[in-house]
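The structure displayed is predicted, hence computed values, not measured ones. Convention: sequence-line order gives letters A, B, ...; per-chain numbering from 1. Scope of the values below: all heavy atoms of this structure, side chains included, with no hydrogens, waters or symmetry mates.
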2 protein chains.
Amino acid sequence: MQVPNQLSAFIQEGDKWFLPSVSLDCVILGFHDNQLKVLLLKLKHSAVWALPGGFVLKEEDTETAAARVLKERTGLQDIFLQQFHVFGAPNRSDGSIHRKGFLKSGIEPSPDNFLFQRFISIGYYALVDFAHVTPFPDENSSECVWKDIHEIGSLMMDHNEILDKALETVRLQLNHQPIGYNLLPQKFTMPELQTLYETILDKQLDRRNFHRKMNAFGILKRLKETRKGGAHRAPFLYSFDMRKYQKALKQGLNGGW
Amino acid sequence: MQVPNQLSAFIQEGDKWFLPSVSLDCVILGFHDNQLKVLLLKLKHSAVWALPGGFVLKEEDTETAAARVLKERTGLQDIFLQQFHVFGAPNRSDGSIHRKGFLKSGIEPSPDNFLFQRFISIGYYALVDFAHVTPFPDENSSECVWKDIHEIGSLMMDHNEILDKALETVRLQLNHQPIGYNLLPQKFTMPELQTLYETILDKQLDRRNFHRKMNAFGILKRLKETRKGGAHRAPFLYSFDMRKYQKALKQGLNGGW
DNA sequence: AATTGTTTGTGTTGTTCTGACACAATGATA
DNA sequence: TATCATTGTGTCAGAACAACACAAACAATT
């Protein structure tokens with residue numbers, strides 16, 4: 001089954017294709033310039049930024065639906081994708097946003113249009129290699145860009161809450177999920193990994209202790225290459241030893257009991 | 001808005017009251033006889049055990065809906081309740097179970113009955129003080145009882161998966177949520193707390209190290225009383241110092257970075 | 001009332017982990 | 001070749017941890 005590609009198909013036939021009441025929103029995170037980025041888009045005829053979202057096809061798994069939305073916005077497949085929370089407040093979805101969009105497009109929607117109902121939303125976060133992504137808008141959105149997570153203003157509906165919850169979840173799961181692996185390119189330096197940790201934890205870490213502790217986990221392979229070009233001493237490149245990484249994550253990277 | 005109390009109202013008017021496509025299931029956990037228990041019920045005309053579940057009223061918050069289900073089965077209010085996962089496989093819900101129930105009740109359901117549609121399910125887990133709960137069945141179920149988590153057989157639909165995921169979540173959140181506080185009575189002994197930890201973690205812990213570490217967290221108040229009556233040395237009673245407990249949980253009880 | 005069996009409370013010891021710090025090595029730039 | 005910022009490595013004291021021993025308490029038995 002294919003997703004309808006035309007706006008008009010959405011408008012007139014939403015309830016023909018999709019599961020009612022259920023939507024999903026994706027917090028797509030990348031790491032670039034030593035900063036965490038999130039993919040946002042701006043709906044046509046709307047002034048505010050929003051998380052990319054979508055609906056679940058009638059015969060589709062919710063995870064598959066999230067992967068589909070991710071692919072539509074980034075072109076990426078087989079990406080680390082994780083549901084983290086359901087947002088189920090009765091007044092969270094706001095049909096008036098779509099209503100205005102319709103009117104500005106010169107369309108007169110039916111009062112019981114699919115988009116006007118109440119939706120709960122399943123939040124997913126995705127971790128992607130920034131360099132592999134070219135964000136592009138769809139026919140419903142005018143812009144699709146990476147935004148620094150420290151420069152997010154007011155988002156549509158409850159999307160600020162969704163984003164915050166995603167970041168909180170990533171922080172809590174840092175020792176249990178391969179977060180470094182998914183956000184960094186295959187080869188990376190120790191200072192880059194440290195900055196990633198510092199950004200996620202929003203906390204400064206001691207460079208030398210970080211180095212020692214990371215090596216102690218035994219999850220990194222130090223390559224023979226260094227990253228030249230910076231104005232200073234060239235740091236070694238590392239990559240993850242996935243077998244040991246996965247094994248270590250099961251215990252949690254920091255033990256506990 | 002009140003929930004319909006009669007089975008017939010569910011059957012004939014489900015889509016009048018409830019949000020379509022969305023259900024929820026509750027993993028209600030208690031601690032008794034040094035073992036973790038889960039509340040299960042058996043649907044009328046069905047041989048298998050199931051988790052208590054329900055639906056979301058059209059204007060109701062999903063959290064409120066879960067609290068309502070919890071209250072219906074246990075009589076308890078203001079309980080620690082936490083969503084942990086959404087189960088969204090397209091074939092997970094099984095209308096034929098309800099169909100059989102209808103037939104055995106001598107009812108001829110409409111083919112487009114509310115219960116026959118596809119449902120995703122939001123999983124919630126609740127932690128309750130075992131002593132405060134008297135499980136009782138509703139008009140849809142014939143039995144409602146506490147079961148030891150090690151003596152669970154095959155449950156209805158994907159409820160084994162839901163239960164397993166709940167237990168896994170509790171284990172992962174042990175250092176971040178007030179799990180001891182919610183599962184134990186207000187006064188408890190150190191050995192009881194340790195057994196709770198051992199049961200959740202499915203791992204033996206050293207009695208003396210556990211004692212020392214727990215005290216080091218500073219989240220316990222040792223009372224002047226002891227628990228007499230056991231055949232051996234009477235252990236001290238403790239209670240949680242909630243202010244310090246909450247504060248400690250924010251960092252996570254075991255640090256990490 | 002003394003003895004016994006089992007459990008609880010507390011302490012010790014050697015090892016590992018942690019946080020705070022110093023210094024030498026490196027690579028581009030001046 | 002000197003400079004400068006950054007990276008790699010090392011040290012050291014204090015904290016945390018695992019493994020272990022022993023005394024105190026309680027009820028049941030004699």
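- In summary, contact between chain A and DNA chain C, defined as any nucleotide atom under 4.0 Å from a heavy atom of the protein, begins and ends at C:dT18 to C:dA28 in the 5' to 3' direction.
- With A:Ile28 as reference, A:Thr74 is the one residue of A:Ile79, A:Val38, A:Thr74, A:Val133 to meet the side-chain contact (heavy atoms from CB on, under 4.5 Å) rule.
- Spacing between atom NZ of B:Lys213 and atom C1' of D:dA18 amounts to 10 Å, rounded to whole angstrom units.
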*Sugar-phosphate means primed atoms, P, OP1 and OP2; the rest is base. With that split, encode nucleotides 2-14 of chain D 5' to 3' as B, S or - using protein heavy atoms under 4.0 Å.*
---BBBBBB----
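- In this structure, B:Tyr197 and B:Phe210 have perpendicular ring planes: the angle between them is above 60°, well past the 30° mark.
- Nucleic acid contact for A:Gly229: sugar-phosphate only, since backbone atoms but no base atoms lie under 4.0 Å from a heavy atom of the residue.
- For B:Arg222 and B:Phe236, the positive end sits near the middle of the six-membered ring, less than 6.0 Å away and at most 45° from its axis.
- Ring to ring, B:Phe240 and B:Tyr245 are close: their centroids are under 6.0 angstrom apart.
- A:Phe80 pairs with exactly one of A:Val128, A:Leu127, A:Leu29 by the side-chain contact (heavy atoms from CB on, under 4.5 Å) rule, that one being A:Leu127.
- A salt bridge between A:Asp158 and A:Arg92 is present, with a side-chain N of the basic residue lying under 4.0 Å from a carboxylate O of the acidic one.
- A salt bridge links B:Glu225 and B:Lys187; the closest N-O separation between the charged side-chain nitrogens and carboxylate oxygens is under 4.0 Å.
- With a 6.0 Å radius and a threshold of 12 heavy atoms from other residues, nucleotides or ligands, B:Phe188 has its CZ atom above the threshold.
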